[in-house]
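Below is one structure, written out as structure tokens; the observations come after it.
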Amino acid sequence: QNNREQEVNSQKIWELMQKDKSKIKMMLKVCAHCSMCAPSCFLYTHSKEDPRYVPSHKMINSIGYLFKKKGKVSRQELEAIKVIVWERCVLCSRCYCPLGVDIPGMISLARKVCRSQDVYREYKE
């Protein structure tokens with residue numbers, strides 16, 4: 001069965017996020033959308049400052065989105081998150097938040113959630 005046809009296990013997604021619930025809630029509360037993290041991302045600077053590459057944008061629209069939806073997302077939504085967490089982020093851990101949000105940790109968690117549903121970057125040979 002193709003992974004794009006598999007049903008999403010929302011319960012498993014929610015359970016994975018529960019382990020980091022306090023960190024996710026803190027991130028959603030503390031992130032001021034100030035974009036001060038933007039210059040620390042080389043993908044942002046090399047993309048001619050495309051706002052989709054701002055670290056906070058990637059974090060809010062991946063793990064933040066999954067948390068707000070309580071894991072109840074479609075396969076299509078997970079595929080969109082895959083683009084954010086694998087194609088717009090290399091997880092280099094250089095992103096800096098002046099308010100102390102662990103952006104790489106949140107992106108990593110979003111990747112873990114996606115992998116739990118067989119959604120991950122596919123490398124071409």
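Any value given below was found using the heavy atoms of this structure, including those in side chains, with hydrogens, waters and symmetry copies removed.
- Closest approach of Gly64 and Leu28 over heavy atoms only: CA-CD2, 3.9 Å.
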Inset, instruction - List the steps, then state whether side-chain contact (heavy atoms from CB on, under 4.5 Å) holds for Met17 with Ile63. - result: CA-CA 9 Å; Met17 290 189 293; Ile63 198 66; 3.8 Å; yes
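- Tracing side-chain contacts under 4.5 Å through hydrophobic residues (I, L, V, M, F, W, Y), one reaches Met59 starting from Trp86; they form part of the same cluster.
- Comment: Lys82 engages Glu79 in a salt bridge, judged by a side-chain N to carboxylate O separation of less than 4.0 angstrom.
- Exactly one residue among Ile84, Val83, Val85 makes a side-chain contact (heavy atoms from CB on, under 4.5 Å) with Glu87. That residue is Val83.
- Clustering ILVMFWY residues whenever any of their side-chain heavy atoms sit less than 4.5 angstrom apart, transitively, puts Val90 in a cluster other than the one holding Ile103.
- Note that CZ of Arg52 and OG of Ser47 are 8.0 Å apart. Values are rounded to the nearest 0.5 Å.
- Counting heavy atoms from C-beta on, the side chains of Phe67 and Lys21 come closer than 4.5 Å.
- Here the side chains of Asn9 and Ser116 are not in contact, with every heavy-atom distance at 4.5 Å or above.
- By the 4.5 Å heavy-atom criterion applied to side chains, Leu66 and Leu78 are counted as neighbours.
- Between Pro55 and Ala38, the shortest heavy-atom contact is CD-CA, 3.8 Å.
- Across all their heavy atoms, Tyr96 and Ser40 have their closest contact at N-OG, 2.9 Å.
- Residues Val30 and Val54 do not share a hydrophobic cluster, clusters being chains of Ile/Leu/Val/Met/Phe/Trp/Tyr side chains in contact below 4.5 Å.
- Across all non-hydrogen atoms, the minimal contact from Val8 to Ile13 is CG1-CD1, 3.6 Å.
- Remark: the backbone N or O of Cys89 is not paired with any side-chain donor or acceptor of Lys58 at under 3.5 angstrom.
- Within 6.0 Å of CE on Met26 lie more than 12 heavy atoms contributed by other residues, nucleotides or ligands.
- When side chains are defined from C-beta on, Ile24 counts as touching Leu109, because their heavy atoms get closer than 4.5 Å.
- The backbone N or O of Pro104 lies less than 3.5 Å from no partner atom in the side chain of Ser108, so there is not a single donor-acceptor pair.
- For the atom pair Ser62 OG and Arg88 CZ, the distance stands at 10.5 Å (nearest 0.5 Å).
- Proximity of Met27 to Asp102: side-chain heavy atoms (C-beta onward) are nowhere separated by under 4.5 Å.
- The two atoms that bring Phe42 and Thr45 nearest to each other are O-OG1, 3.0 Å, heavy atoms only.
- Residue Leu16 holds its CG atom at 10.5 Å from CD of Gln11, rounded to the nearest 0.5 Å.
- Contact record, Arg115 with Tyr120: CG-CB, 4.1 Å, taken as the closest heavy-atom pair.
- For Arg121, the CZ atom counts as densely surrounded, since its 6.0 Å shell holds more than 12 non-hydrogen atoms of other residues, nucleotides or ligands.
- Under the 3.5 Å distance criterion, the side-chain polar atoms of Arg75 are matched with a main-chain donor or acceptor of Gln117.
- The hydrophobic clustering, which links ILVMFWY residues whose side-chain heavy atoms are closer than 4.5 Å, places Val101 and Leu91 together.
- Side-chain contact check for His57 versus Tyr53: every heavy-atom pair is 4.5 Å or farther apart.
- By the criterion of side-chain heavy atoms lying less than 4.5 angstrom apart, applied directly or through intervening Ile, Leu, Val, Met, Phe, Trp or Tyr residues, Ile60 is not grouped with Met36; the two fall into different hydrophobic clusters.
- Rounded to the nearest 0.5 Å, atoms CD (Glu77) and CG (Asn61) are 12.0 Å apart.
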